[in-house]
There are 2 protein chains.
Amino acid sequence: MEIRGLEACPIADVIDVLFSRWTTPILWGLHERGRQRFGDLERHVPGISPKVLTQRLRQLERDGLVARTYHAEVPPRVEYEITPLGASLEPLFGSLSAWGATNMPSIEKARRAYDG
Amino acid sequence: MEIRGLEACPIADVIDVLFSRWTTPILWGLHERGRQRFGDLERHVPGISPKVLTQRLRQLERDGLVARTYHAEVPPRVEYEITPLGASLEPLFGSLSAWGATNMPSIEKARRAYDG
DNA sequence: CAGTATCCAATCCGATACTG
DNA sequence: CAGTATCGGATTGGATACTG
(Lines give C-alpha, C1' and ligand atoms only; values in the text may rest on other atoms or scores of the structure.)
Protein backbone atom coordinates (compact mmCIF):
# COMPACT_ATOMS: atom_id res chain seq x y z
CA MET A 1 0.00 0.00 0.00
CA GLU A 2 2.96 2.28 -0.35
CA ILE A 3 5.45 1.47 -3.02
CA ARG A 4 3.83 2.21 -6.32
CA GLY A 5 6.59 3.65 -8.43
CA LEU A 6 7.42 6.53 -6.13
CA GLU A 7 8.80 9.76 -7.54
CA ALA A 8 8.35 8.74 -11.12
CA CYS A 9 4.56 8.87 -11.05
CA PRO A 10 2.94 12.04 -9.76
CA ILE A 11 -0.37 10.42 -8.93
CA ALA A 12 1.02 7.51 -6.95
CA ASP A 13 0.27 9.19 -3.63
CA VAL A 14 -3.30 10.01 -4.56
CA ILE A 15 -3.88 6.46 -5.69
CA ASP A 16 -2.61 5.08 -2.42
CA VAL A 17 -5.07 7.27 -0.57
CA LEU A 18 -8.11 6.70 -2.74
CA PHE A 19 -7.82 3.25 -4.21
CA SER A 20 -6.38 0.93 -1.67
CA ARG A 21 -8.57 -2.09 -1.32
CA TRP A 22 -12.13 -1.60 -0.02
CA THR A 23 -11.89 2.16 0.31
CA THR A 24 -14.00 2.91 -2.72
CA PRO A 25 -16.96 0.69 -1.84
CA ILE A 26 -16.92 2.12 1.67
CA LEU A 27 -16.85 5.72 0.45
CA TRP A 28 -19.47 4.86 -2.10
CA GLY A 29 -21.75 3.35 0.51
CA LEU A 30 -21.40 6.37 2.75
CA HIS A 31 -22.08 8.62 -0.18
CA GLU A 32 -25.13 6.66 -1.32
CA ARG A 33 -26.82 6.08 2.00
CA GLY A 34 -25.35 8.90 4.09
CA ARG A 35 -24.26 8.73 7.70
CA GLN A 36 -24.51 5.21 9.04
CA ARG A 37 -23.38 2.82 11.70
CA PHE A 38 -20.63 0.22 11.65
CA GLY A 39 -23.07 -2.64 11.31
CA ASP A 40 -24.84 -0.98 8.40
CA LEU A 41 -21.61 -0.62 6.52
CA GLU A 42 -20.71 -4.19 7.30
CA ARG A 43 -23.98 -5.34 5.80
CA HIS A 44 -23.82 -3.12 2.76
CA VAL A 45 -20.22 -3.75 1.76
CA PRO A 46 -20.53 -7.33 0.65
CA GLY A 47 -17.85 -9.72 1.77
CA ILE A 48 -15.93 -7.47 4.09
CA SER A 49 -14.95 -8.76 7.52
CA PRO A 50 -15.18 -6.62 10.67
CA LYS A 51 -11.41 -6.64 10.99
CA VAL A 52 -10.81 -5.26 7.54
CA LEU A 53 -13.70 -2.83 7.76
CA THR A 54 -12.20 -1.40 10.93
CA GLN A 55 -8.78 -1.10 9.31
CA ARG A 56 -10.10 0.73 6.28
CA LEU A 57 -12.35 3.02 8.31
CA ARG A 58 -9.40 3.98 10.49
CA GLN A 59 -7.35 4.75 7.43
CA LEU A 60 -10.11 6.85 5.91
CA GLU A 61 -10.58 8.64 9.20
CA ARG A 62 -6.87 9.33 9.49
CA ASP A 63 -6.80 10.71 5.97
CA GLY A 64 -9.70 13.00 6.80
CA LEU A 65 -12.11 11.51 4.26
CA VAL A 66 -14.48 10.02 6.82
CA ALA A 67 -15.58 11.21 10.26
CA ARG A 68 -16.37 8.92 13.16
CA THR A 69 -18.78 9.81 15.93
CA TYR A 70 -18.94 7.78 19.08
CA HIS A 71 -22.07 7.86 21.23
CA ALA A 72 -21.44 6.54 24.73
CA GLU A 73 -24.68 4.66 25.11
CA VAL A 74 -25.60 1.11 25.98
CA PRO A 75 -25.24 -0.53 23.60
CA PRO A 76 -22.67 1.77 22.05
CA ARG A 77 -23.49 3.53 18.83
CA VAL A 78 -20.89 4.67 16.32
CA GLU A 79 -21.66 6.59 13.19
CA TYR A 80 -19.57 7.24 10.14
CA GLU A 81 -20.04 9.92 7.54
CA ILE A 82 -18.18 11.50 4.68
CA THR A 83 -16.31 14.71 5.39
CA PRO A 84 -16.30 17.67 3.00
CA LEU A 85 -12.87 16.51 1.84
CA GLY A 86 -14.33 13.11 1.07
CA ALA A 87 -17.28 14.69 -0.68
CA SER A 88 -14.90 16.62 -2.93
CA LEU A 89 -14.18 13.29 -4.60
CA GLU A 90 -17.57 13.11 -6.19
CA PRO A 91 -16.68 14.64 -9.58
CA LEU A 92 -13.62 12.44 -9.75
CA PHE A 93 -15.62 9.31 -9.08
CA GLY A 94 -18.11 10.53 -11.61
CA SER A 95 -15.40 10.78 -14.27
CA LEU A 96 -14.17 7.35 -13.33
CA SER A 97 -17.63 5.93 -13.61
CA ALA A 98 -18.16 7.61 -16.97
CA TRP A 99 -14.86 6.36 -18.33
CA GLY A 100 -15.79 2.86 -17.25
CA ALA A 101 -19.23 3.02 -18.79
CA THR A 102 -17.69 4.12 -22.07
CA ASN A 103 -14.65 1.89 -22.16
CA MET A 104 -15.20 -1.26 -20.16
CA PRO A 105 -16.79 -2.91 -23.18
CA SER A 106 -13.61 -2.25 -25.16
CA ILE A 107 -11.59 -3.79 -22.37
CA GLU A 108 -13.77 -6.87 -22.28
CA LYS A 109 -13.41 -7.15 -26.00
CA ALA A 110 -9.63 -6.80 -25.81
CA ARG A 111 -9.55 -9.54 -23.20
CA ARG A 112 -11.57 -11.91 -25.32
CA ALA A 113 -9.29 -11.23 -28.26
CA TYR A 114 -6.18 -11.80 -26.15
CA ASP A 115 -7.45 -14.93 -24.46
CA GLY A 116 -9.18 -16.50 -27.39
CA MET B 1 -7.05 -7.88 -7.61
CA GLU B 2 -10.64 -8.84 -8.01
CA ILE B 3 -12.89 -8.63 -5.03
CA ARG B 4 -13.40 -5.00 -4.25
CA GLY B 5 -16.98 -4.72 -3.10
CA LEU B 6 -18.57 -6.22 -6.18
CA GLU B 7 -22.05 -5.14 -7.21
CA ALA B 8 -22.33 -2.49 -4.55
CA CYS B 9 -19.75 -0.19 -6.05
CA PRO B 10 -20.12 0.72 -9.72
CA ILE B 11 -16.51 1.73 -10.21
CA ALA B 12 -14.94 -1.36 -8.68
CA ASP B 13 -14.24 -2.89 -12.09
CA VAL B 14 -12.62 0.22 -13.44
CA ILE B 15 -10.42 0.48 -10.40
CA ASP B 16 -9.25 -3.09 -10.82
CA VAL B 17 -8.23 -2.32 -14.35
CA LEU B 18 -6.57 1.01 -13.80
CA PHE B 19 -5.14 0.99 -10.34
CA SER B 20 -3.74 -2.38 -9.57
CA ARG B 21 -0.21 -2.11 -8.34
CA TRP B 22 2.42 -0.71 -10.73
CA THR B 23 0.02 -0.08 -13.59
CA THR B 24 -0.09 3.67 -13.17
CA PRO B 25 3.67 4.29 -13.11
CA ILE B 26 4.00 2.10 -16.18
CA LEU B 27 1.27 3.90 -18.07
CA TRP B 28 2.69 7.21 -16.91
CA GLY B 29 6.16 6.30 -18.14
CA LEU B 30 4.82 5.25 -21.52
CA HIS B 31 2.81 8.42 -21.74
CA GLU B 32 5.72 10.66 -20.75
CA ARG B 33 8.46 9.14 -22.84
CA GLY B 34 6.46 7.45 -25.57
CA ARG B 35 7.10 4.09 -27.13
CA GLN B 36 9.99 2.32 -25.43
CA ARG B 37 11.70 -0.96 -24.81
CA PHE B 38 11.40 -3.35 -21.91
CA GLY B 39 14.75 -2.33 -20.49
CA ASP B 40 13.87 1.35 -20.65
CA LEU B 41 10.72 0.76 -18.66
CA GLU B 42 12.64 -1.34 -16.20
CA ARG B 43 15.06 1.53 -15.64
CA HIS B 44 12.43 4.22 -15.44
CA VAL B 45 10.00 2.50 -13.11
CA PRO B 46 12.05 2.54 -9.95
CA GLY B 47 12.12 -0.61 -7.89
CA ILE B 48 10.25 -2.92 -10.22
CA SER B 49 11.65 -6.36 -10.94
CA PRO B 50 11.60 -7.92 -14.41
CA LYS B 51 9.15 -10.53 -13.24
CA VAL B 52 6.61 -8.03 -12.00
CA LEU B 53 7.14 -5.72 -14.94
CA THR B 54 6.35 -8.58 -17.28
CA GLN B 55 3.24 -9.48 -15.32
CA ARG B 56 1.89 -5.95 -15.39
CA LEU B 57 2.72 -5.38 -19.04
CA ARG B 58 0.87 -8.58 -19.94
CA GLN B 59 -2.14 -7.43 -17.97
CA LEU B 60 -2.11 -4.02 -19.63
CA GLU B 61 -1.71 -5.65 -23.01
CA ARG B 62 -4.59 -8.01 -22.33
CA ASP B 63 -6.79 -5.12 -21.30
CA GLY B 64 -5.93 -3.28 -24.50
CA LEU B 65 -4.25 -0.32 -22.81
CA VAL B 66 -0.75 -1.09 -24.05
CA ALA B 67 0.50 -2.58 -27.31
CA ARG B 68 3.54 -4.82 -27.60
CA THR B 69 5.65 -5.06 -30.73
CA TYR B 70 8.21 -7.80 -31.14
CA HIS B 71 11.09 -7.36 -33.60
CA ALA B 72 12.77 -10.64 -34.42
CA GLU B 73 16.31 -9.36 -34.45
CA VAL B 74 19.50 -10.39 -32.69
CA PRO B 75 19.41 -9.32 -29.97
CA PRO B 76 15.63 -9.22 -29.83
CA ARG B 77 13.90 -5.89 -29.52
CA VAL B 78 10.49 -5.38 -27.98
CA GLU B 79 8.66 -2.11 -27.83
CA TYR B 80 5.70 -1.04 -25.79
CA GLU B 81 3.39 1.85 -26.41
CA ILE B 82 0.09 3.19 -25.23
CA THR B 83 -2.96 2.35 -27.33
CA PRO B 84 -5.69 4.87 -28.11
CA LEU B 85 -7.74 3.26 -25.37
CA GLY B 86 -4.90 3.84 -22.94
CA ALA B 87 -4.51 7.38 -24.17
CA SER B 88 -8.16 8.04 -23.43
CA LEU B 89 -7.20 7.93 -19.77
CA GLU B 90 -5.31 11.16 -19.95
CA PRO B 91 -8.12 13.50 -18.82
CA LEU B 92 -8.92 11.13 -15.98
CA PHE B 93 -5.35 11.05 -14.79
CA GLY B 94 -5.30 14.81 -15.15
CA SER B 95 -8.30 15.12 -12.83
CA LEU B 96 -6.67 12.76 -10.39
CA SER B 97 -3.49 14.75 -10.45
CA ALA B 98 -5.39 17.99 -9.95
CA TRP B 99 -7.37 16.60 -7.05
CA GLY B 100 -4.15 15.48 -5.45
CA ALA B 101 -2.44 18.80 -5.94
CA THR B 102 -5.37 20.54 -4.30
CA ASN B 103 -6.11 18.11 -1.52
CA MET B 104 -3.03 16.15 -0.56
CA PRO B 105 -1.99 18.96 1.81
CA SER B 106 -5.32 18.58 3.61
CA ILE B 107 -4.73 14.86 3.88
CA GLU B 108 -1.25 15.35 5.28
CA LYS B 109 -2.68 17.78 7.77
CA ALA B 110 -5.43 15.36 8.77
CA ARG B 111 -2.81 12.68 9.30
CA ARG B 112 -0.70 14.87 11.52
CA ALA B 113 -3.76 15.78 13.55
CA TYR B 114 -4.78 12.13 13.87
CA ASP B 115 -1.31 10.86 14.72
CA GLY B 116 -0.20 13.71 16.94
C1' DC C 1 -23.08 -2.96 19.12
C1' DA C 2 -18.61 -2.15 17.70
C1' DG C 3 -15.05 -3.59 17.52
C1' DT C 4 -10.30 -6.65 18.94
C1' DA C 5 -7.48 -10.92 19.04
C1' DT C 6 -5.96 -14.85 16.87
C1' DC C 7 -4.84 -18.04 13.42
C1' DC C 8 -4.22 -19.56 8.97
C1' DA C 9 -4.36 -19.33 3.85
C1' DA C 10 -3.47 -16.88 -0.28
C1' DT C 11 -1.08 -13.51 -2.64
C1' DC C 12 2.41 -10.69 -3.81
C1' DC C 13 6.83 -9.37 -4.27
C1' DG C 14 12.00 -8.83 -4.59
C1' DA C 15 16.18 -11.05 -5.59
C1' DT C 16 18.53 -13.95 -8.18
C1' DA C 17 19.83 -17.19 -11.64
C1' DC C 18 19.08 -18.78 -16.01
C1' DT C 19 17.69 -19.09 -21.34
C1' DG C 20 16.51 -18.38 -26.52
C1' DC D 1 17.86 -8.13 -24.81
C1' DA D 2 13.74 -9.69 -22.99
C1' DG D 3 12.16 -12.20 -20.61
C1' DT D 4 11.15 -17.06 -17.50
C1' DA D 5 11.93 -20.10 -13.34
C1' DT D 6 12.40 -20.57 -8.68
C1' DC D 7 12.41 -19.47 -3.85
C1' DG D 8 11.73 -17.32 0.42
C1' DG D 9 9.80 -13.56 2.99
C1' DA D 10 6.47 -10.15 3.87
C1' DT D 11 1.96 -8.49 3.57
C1' DT D 12 -2.95 -9.07 3.14
C1' DG D 13 -7.07 -11.12 3.91
C1' DG D 14 -10.98 -14.16 5.54
C1' DA D 15 -13.08 -16.68 9.31
C1' DT D 16 -14.01 -17.00 13.76
C1' DA D 17 -14.21 -16.30 18.65
C1' DC D 18 -14.22 -13.10 22.10
C1' DT D 19 -14.90 -8.47 25.00
C1' DG D 20 -16.34 -3.72 27.13
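Just so it is clear, the values below take in all heavy atoms, side chains as well, and ignore hydrogens, waters and symmetry mates. Protein chains get the first letters and strands the later ones, always in sequence-line order, with residue 1 at the start of each.
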I need the CG-C1' distance between A:Leu41 and C:dA2, as an integer number of Å. 12 Å
Tell me which of A:Ser49 and B:Phe38 sits closer to the 5' end of DNA chain D, going by the nucleotide each one is nearest to. B:Phe38
Are side-chain N/O atoms of A:Gln59 and A:Thr23 paired as donor and acceptor at under 3.5 Å? no
Rounded to the Å, how far apart are B:Arg21 CZ and D:dT12 C1'? 11 Å
Is the shortest side-chain N/O distance from B:Arg68 to OP1 or OP2 of D:dG3 below 4.0 Å? yes
State which of D:dG14, C:dT4, C:dG14 makes the closest approach to the side chain of B:Trp22. C:dG14
Taking the side chain of A:Arg37 as its heavy atoms from C-beta onward, which of C:dG3, D:dT4, C:dC1 lies nearest to it? C:dC1
What's the CD-C1' distance between B:Gln55 and D:dT4, to the nearest Å? 11 Å
Is A:Asp40 salt-bridged to A:Arg37, going by a charged N under 4.0 Å from an acidic O? no
Between side-chain atoms of residues 109-116 of chain A and protein atoms elsewhere (two or more places apart, or another chain), which donor-acceptor pairs fall under 3.5 Å?
residue  : atom : partner : partner atom : Å
A:Arg111 : NE   : B:Asp63 : OD1          : 2.6
A:Arg111 : NH2  : B:Asp63 : OD1          : 3.2
A:Asp115 : OD1  : B:Arg62 : NH1          : 3.1
A:Asp115 : OD2  : B:Arg62 : NH1          : 2.4

Please report the distance, rounded to the nearest Å, between NE2 in A:His71 and C1' in C:dG3. 16 Å
What does the 5'-to-3' dot-bracket notation of DNA chain C look like when only Watson-Crick and G-U wobble pairs under 3.5 Å count, and pairs to other strands show as |? ||||||||||||||||||||
Measure from CZ on A:Arg56 to P on C:dG3 and round the result to the nearest Å. 15 Å
Rounded to whole Å, CD1 of B:Ile48 lies from P of C:dC13 at a distance of 9 Å
Return the value, rounded to whole Å, for the distance between atom CD1 of B:Ile26 and atom C1' of D:dG3. 14 Å
Review item, side-chain donor-acceptor pairs of residues 94-101 of chain A, under 3.5 Å, at least two apart:
residue : atom : partner : partner atom : Å
A:Ser95 : OG   : A:Pro91 : O            : 3.1
A:Trp99 : NE1  : B:Ser88 : O            : 3.4
A:Trp99 : NE1  : B:Ser88 : OG           : 3.0

Please examine the side chains of A:Leu60 and A:Ile26, heavy atoms only from C-beta on, and report whether any two atoms are closer than 4.5 Å. yes
Suppose we call a contact any N or O donor and acceptor under 3.5 Å apart; does that hold for the side chain of B:Lys51 and the base of C:dG14? yes
Please confirm whether the backbone N or O of B:Gly64 pairs with a side-chain atom of B:Thr83, one donor and one acceptor, at under 3.5 Å? yes
Geometric class of the A:Phe38/A:Tyr80 ring pair [parallel <30°, tilted 30-60°, perpendicular >60°]: tilted
Donor-acceptor contacts under 3.5 Å from residues 46-55 of chain B side chains, at least two apart:
residue : atom : partner : partner atom : Å
B:Ser49 : OG   : B:Val52 : N            : 3.4
B:Thr54 : OG1  : B:Pro50 : O            : 2.8

Tell me, which pairs form a salt bridge (charged side-chain N to carboxylate O under 4.0 Å, His left out) where one or both residues lie in residues 77-100 of chain B, sequence neighbours left out? B:Arg35-B:Glu79, B:Arg35-B:Glu81, B:Glu73-B:Arg77, B:Arg77-B:Glu79
So which of residues 72-81 of chain B are in contact with DNA chain D, with a heavy-atom cut-off of under 4.0 Å? B:Pro75, B:Pro76, B:Arg77, B:Val78, B:Tyr80
Rounding to an integer number of Å, can you tell me how far B:Leu53 CG sits from D:dT4 P? 11 Å
